[in-house]
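See below for the structure under consideration.
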Amino acid sequence: MESTESSYVSSPEAPKKGSLQPPKSPASDSAEKPTYIRFLVSNAAAGSVIGKGGSTITDFQSQSGARIQLSRNHEFFPGTTDRIIMVSGSIDEVIKAMELVLAKLLSELHSEDGNDIEPRTKVRLIVPNSSCGGIIGKGGATIKSFIEDSQAGIKISPLDNNYYGLSDRLVTLAGTLDEQMRAIYLILSKLTEDAHYSQAMHAPYSYAAPYNSVNYAPNGAGGKFQNPKEDRSNSVTIGVADGHIGLVVGRGGRNIMEISQVSGARIKISDRGDFMSGTNDRKVTITGSQRAIRQAESMIMQKVAYASERAMD
């Protein structure tokens, strides 16, 4: 049941002294197995992780040995205005890179508030729904043990069926940097044992196609930013049945905003009564690069297909 799974939030009771051991490498060879982790950062935070001309991210990659990839500017996780960072490498490399990134974000927060107490912040990991069961464990036993061990609050979002085709959930970790790092280590070690999780490594952005990621070469060479001249704008008009327009737009324009953010295309819908010639279909004009248009069109068609399926039930 979703409600039970998502209810393991939690602030643990009083922290146990000395329970935060630095993460130890697993005894098995899983420490060397390639793995990855994905998490969300705001657009502003993404800029500070990249650094001037990619200098910070290049430095983090050389220090950790991990590869760090970001979704492009305005390529957001559905339903948020946050970009996606994917860190890949061995468990130890990924942990080292995560620590560098989170410490950097924390230091900027610190300099703003001027407070000496280590702040409790939140980090949101993206985990495939199929792998969440392993983190939760039977009757919630695994997630409870992770909360106790790390002292971090850990909350798994319910699977949001509003995003048709989205099979990822957000795992929110709340705590100090040490608590978050311990929780990340425990979760990542568990995920790396899951064969399905490893297979998903090659499709990190199922909602923002792979070409939308910016790669930075570990040695700093060849890491290039998005080329603004990548594709000149094109425009395509498709017809969508008047009865399905509401689903494409979504409540308060939520769906159409998400489609526009994820694809990078601009979308304009004709006024009521302004139909494609000889039909009762409203005109949906999609403008952007050919890639953006293809992706937006495919997402719109998914919404329409979903509406048609529901109508048949």
Side-chain angles (χ1 to χ4, degrees), residues 23 25-26 28-77 82-107 123-128 131 168 170-171 173 177 180-181 183-227 230 262:
S25 295
S28 71
D29 56 13
S30 70
E32 293 309 312
K33 225 175 8 183
T35 190
Y36 69 99
I37 201 160
R38 292 174 299 159
F39 62 106
L40 302 185
V41 287
S42 68
N43 232 358
S48 74
V49 171
I50 293 165
K52 200 169 182 181
S55 58
T56 307
I57 202 166
T58 303
D59 181 39
F60 286 176
Q61 288 188 125
S62 58
Q63 281 190 58
S64 64
R67 184 177 184 199
I68 304 172
Q69 293 164 277
L70 275 98
S71 65
R72 283 201 323 212
N73 196 4
H74 301 304
E75 295 293 351
F76 302 133
F77 183 80
D82 289 331
R83 284 165 72 179
I84 302 143
I85 293 189
M86 179 166 120
V87 181
S88 51
S90 69
I91 288 187
D92 290 347
E93 288 167 346
V94 170
I95 290 292
K96 177 71 179 153
M98 283 294 286
E99 194 157 21
L100 289 166
V101 170
L102 296 181
K104 167 81 177 161
L105 299 179
L106 199 60
S107 69
V123 60
R124 290 183 296 169
L125 309 181
I126 305 168
V127 176
S131 302
D168 288 322
L170 293 176
V171 178
L173 311 177
L177 179 61
Q180 287 174 348
M181 286 310 303
I184 287 167
Y185 175 76
L186 293 166
I187 288 168
L188 187 59
S189 302
K190 188 74 184 165
L191 289 172
T192 305
E193 294 167 9
D194 177 353
H196 296 294
Y197 183 75
S198 308
Q199 284 161 7
M201 181 149 98
H202 303 295
Y205 308 115
S206 47
Y207 18 76
Y211 53 73
N212 288 331
S213 67
V214 182
N215 293 326
Y216 294 87
N219 59 6
K224 63 182 174 52
F225 284 85
Q226 164 191 359
N227 177 356
E230 179 195 32
V262 171

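Side chains included, hydrogens not; waters and symmetry mates left out as well; all remaining heavy atoms used. Residues take their numbers from the sequence shown, with the count starting at 1.
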Report, one line per pair, each donor and acceptor closer than 3.5 Å where one atom sits in a side chain of residues 93-105; sequence neighbours left out.
from	atom 1	to	atom 2	distance (Å)
E93	OE1	S90	N	2.9
K104	NZ	E108	OE2	3.4

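Heavy-atom minimum distance, R124 versus L170: NH1-CD1, 4.0 Å. Q69 and S88 get closest at one heavy-atom pair: OE1-OG, 4.4 Å. In terms of heavy-atom proximity, Y36 sits nearest to Y197 at O-OH, 2.7 Å. Here the closest heavy-atom approach between residue V123 and residue Q180 is recorded as N-NE2, 3.8 Å. In terms of heavy atoms, R83 sits closest to N43 at CD-OD1, 2.7 Å. Scanning both residues, I91 and S189, for their nearest heavy atoms gives CD1-CA, 4.1 Å.
Looking only at distances, a side-chain donor or acceptor of S71 sits under 3.5 Å from a matching main-chain atom of I84. Side chain of T58 to main chain of G54: a donor-acceptor pair is present (N/O by atom type, distance under 3.5 Å, no hydrogens or angles).
In this structure, the separation between CG on L70 and CD1 on I85 is 4.5 Å, given to the nearest 0.5 Å. With rounding to the nearest 0.5 angstrom, the CD1 atom of I184 is 5.5 Å from the CG atom of L173. Put simply, CG on D59 and OG on S64 are 9.5 Å apart, with the number rounded to the nearest 0.5 Å.
Residues passing the salt bridge (charged side-chain N to carboxylate O under 4.0 Å, His left out) test with D194: none are found, sequence neighbours excluded.
Put simply, the side chain of L125 reaches to within 4.5 Å of the side chain of I37, judged on heavy atoms. Side-chain contact between L40 and F76 is absent, with no heavy atoms from C-beta onward closer than 4.5 Å.
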